[in-house]
Amino acid sequence: MDRSKEIIKVSIIGILTNALLVAFKVTVGMLANSIAIILDGINNLTDAISSVVTIIGTKLAGKAADKQHPYGHGRIEYLTGSVVAVIVVVAGLVSLKESFVKIIRPEETNYSWITILIIVASILVKFALGTYFSKRGNELDSSSLVASGTDAKSDAVLSASTLIAIFAKVVLHLQVEGVIGVLISAFILKAGIEIMRDTLNDIIGVRIEDDLSKAVKERINMYDEVQGAYDLVLHNYGPAEYMGSVHIEVRENMTAMELDTLSRQITAKVYEELGVLLTIGVYAQNNSNPRYVEMKEYVNNLIGKYEKVKQIHGFYVNEERKVVSFDMVFEFGENRKMEIVDEITKSCQDKYEGYLFFINLDKDFSE
């Protein structure tokens, strides 16, 4: 299945559906002199434009890697997501302005049963479209489609709010068009801000999804020779485009040939099943000497006193130089890192005189 073609196909369905809704709602809104219905139609127009931008972004992101862009063009999808967010925010601001004008200078509205039937039909269509977008977005791992699905379901709720305006006018003889318009505008602005936040997070770089990091480590730990997988760092170069590095812990007497064979098997397995391209580093287990095992156990017991120390790994003793080194991972938000490192270092060196302890600080990149 070609992911880009499927995303484009789904987006085209969205464009056609939203274009029909725009035509119906704007026409009905003008005939009924209803700002709420017209703004609801404009909201559908922004959805159609968003789908067009999504198609353009998907096509550009699908370009093959070249000399200037060896990682491909996948991140263009995030840039087009930002464009969509700007379009939605601008539409929300324009809608907000028009709604306030309607509050200050209300105008008479004229509703009919045809108006009500069209609004009800648009609610059902929008909810069905939102469900379809969400389903296909999850299947294709497309955040743009998932966001469009959520937006479409929100639009169904907004369209329902226009029924409130009709009810207030016909039954209660209250003119609440402008107020409903402000409500719709607020939802449009909220959606635009959320899309902008999500796309900016993707551009800046976010933590690896827990499900993906756990799946990668599970595949690595399937091999009997691997005693642990650490320091997993993945870089996203577009949706479903990951590459990065990981350290594996193996027994200290493995030969270079055995390590080469193992690393080739792991990289092939992870890429084949998860689409992640890995570079593998090695930690020697270094537990043939009972004294080294005792040292490691002492350190593990020591870090148990500190709530935000997640783990240590890569424990290694260089007997010739009398140097002990290991990596330590803190949870984010710990402000006493260096103080804690100094405390642990001092305790270790007091316990094992003659040895120098070096602690390397690792970031909590993944689970």
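Values below: every heavy atom of this structure, side chains too, minus hydrogens, waters and symmetry copies.
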side-chain contact (heavy atoms from CB on, under 4.5 Å) for Val182 and Leu96? Distances and angles first, verdict last. CA-CA 6 Å; Val182 169; Leu96 192 63; 4.0 Å; yes
Would a hydrophobic clustering, with Ile, Leu, Val, Met, Phe, Trp and Tyr connected at side-chain separations under 4.5 Å, put Val341 with Met295? yes
Looking at side-chain heavy atoms only, is the closest gap between Leu356 and Val324 below 4.5 Å? no
Restricting to non-hydrogen atoms, name the atom on Leu212 and the atom on Leu234 that form the minimum distance, rounded to 0.1 Å. CD2-CD1, 4.0 Å
If the threshold is 4.0 Å, N to carboxylate O, is there a salt bridge linking Lys214 and Glu218? no
Main-chain N/O of Ala256 paired with Asp260 side-chain donor or acceptor, under 3.5 Å: no
Heavy-atom pair with the smallest gap, counting every atom of Met328 and Ile344: CE-CD1, 3.4 Å
Determine, using ring centers only, whether Tyr298 and Tyr352 are less than 6.0 Å apart. yes
Are there over 12 heavy-atom neighbours, none belonging to Met30, within less than 6.0 Å of that residue's CE? no
With a 3.5 Å distance limit and no angle check, can you tell me whether Ser213 reaches the backbone of Asp210 through a side-chain donor-acceptor pair? yes
Quick check for you: to the nearest 0.5 Å, what is the distance between Leu129 atom CG and Leu16 atom CG? 10.5 Å
Can you measure from CG (Asn289) to CD (Glu294) and round to the nearest 0.5 angstrom? 10.0 Å
For the pair Glu272 and Lys269, evaluate salt bridge (Lys or Arg N to Asp or Glu O under 4.0 Å) and give the outcome as yes or no after the intermediate values. CA-CA 5 Å; Glu272 177 187 347; Lys269 182 78 171 177; over 6 Å; no
Stepwise side-chain contact (heavy atoms from CB on, under 4.5 Å) test for Glu319 and Tyr292: CA-CA 10 Å; Glu319 189 63 43; Tyr292 302 162; 2.6 Å; yes
Is there side-chain contact between Leu21 and Lys126, with at least one heavy-atom pair below 4.5 Å? yes
Does CG in Asn253 sit with more than 12 non-hydrogen atoms of other residues, nucleotides or ligands closer than 6.0 Å? yes
How long is the gap from CD1 on Ile280 to CD on Gln265, to the nearest 0.5 Å? 10.0 Å
Looking only at heavy atoms, the pair that brings Thr267 and Leu278 closest together is CG2-O, 3.4 Å
Is any side-chain heavy atom of Tyr132 less than 4.5 Å from a side-chain heavy atom of Val10? yes
Do Lys337 and Glu334 meet the salt-bridge criterion of a basic N to acidic O distance under 4.0 Å? no
Please name the pair of heavy atoms, one in Val299 and one in Cys348, separated by the smallest distance, quoted to 0.1 Å. CG2-SG, 3.8 Å
Which heavy atom of Thr345 sits nearest to which heavy atom of Phe357, and what is that distance? CG2-O, 3.7 Å
Before giving the answer on salt bridge (Lys or Arg N to Asp or Glu O under 4.0 Å), spell out for Glu343 and Arg336 the whole-Å C-alpha distance, their side-chain angles and the decisive distance to 0.1 Å. CA-CA 11 Å; Glu343 289 175 7; Arg336 298 176 54 247; 3.3 Å; yes
Between Ile340 and Phe330, is the side-chain contact (heavy atoms from CB on, under 4.5 Å) condition met? List the steps. CA-CA 10 Å; Ile340 292 172; Phe330 284 90; 3.8 Å; yes
Answer whether the closest heavy-atom distance between the side chains of Tyr242 and Leu277 falls below 4.5 Å. no
In this structure, is the centre-to-centre distance between the rings of Phe326 and His313 below 6.0 Å? no
Taking C-beta and beyond as the side chain, do Ile248 and Ile266 meet within less than 4.5 Å on heavy atoms? yes
Taking NZ, NE, NH1 and NH2 as the nitrogens, is one of them in Arg251 or Glu225 under 4.0 Å from a carboxylate oxygen of the other? no
Test Glu252 against Tyr283 for side chain to side chain donor-acceptor pair (under 3.5 Å), laying out the working first. CA-CA 8 Å; Glu252 60 191 74; Tyr283 288 134; over 6 Å; no
So OH of Tyr223 and CG of Asn221: to nearest 0.5 Å the spacing works out to 11.5 Å
Where Asn18 and Ala48 come nearest, the two heavy atoms and their spacing: CB-CB, 3.9 Å
So Phe332 and Lys308, side-chain contact (heavy atoms from CB on, under 4.5 Å) or not? Walk me through it. CA-CA 8 Å; Phe332 286 103; Lys308 291 193 175 182; over 6 Å; no
Is the His247-Tyr230 ring centre distance short of 6.0 angstrom? no
Under 4.5 Å between side-chain heavy atoms, counting indirect links through other Ile/Leu/Val/Met/Phe/Trp/Tyr residues: same cluster for Val120 and Val125 or not? no
Can you measure from CE (Met257) to CG (Leu262) and round to the nearest 0.5 angstrom? 13.5 Å
Electrostatic pair Asp342-Lys346, nearest N-O below 4.0 angstrom: no
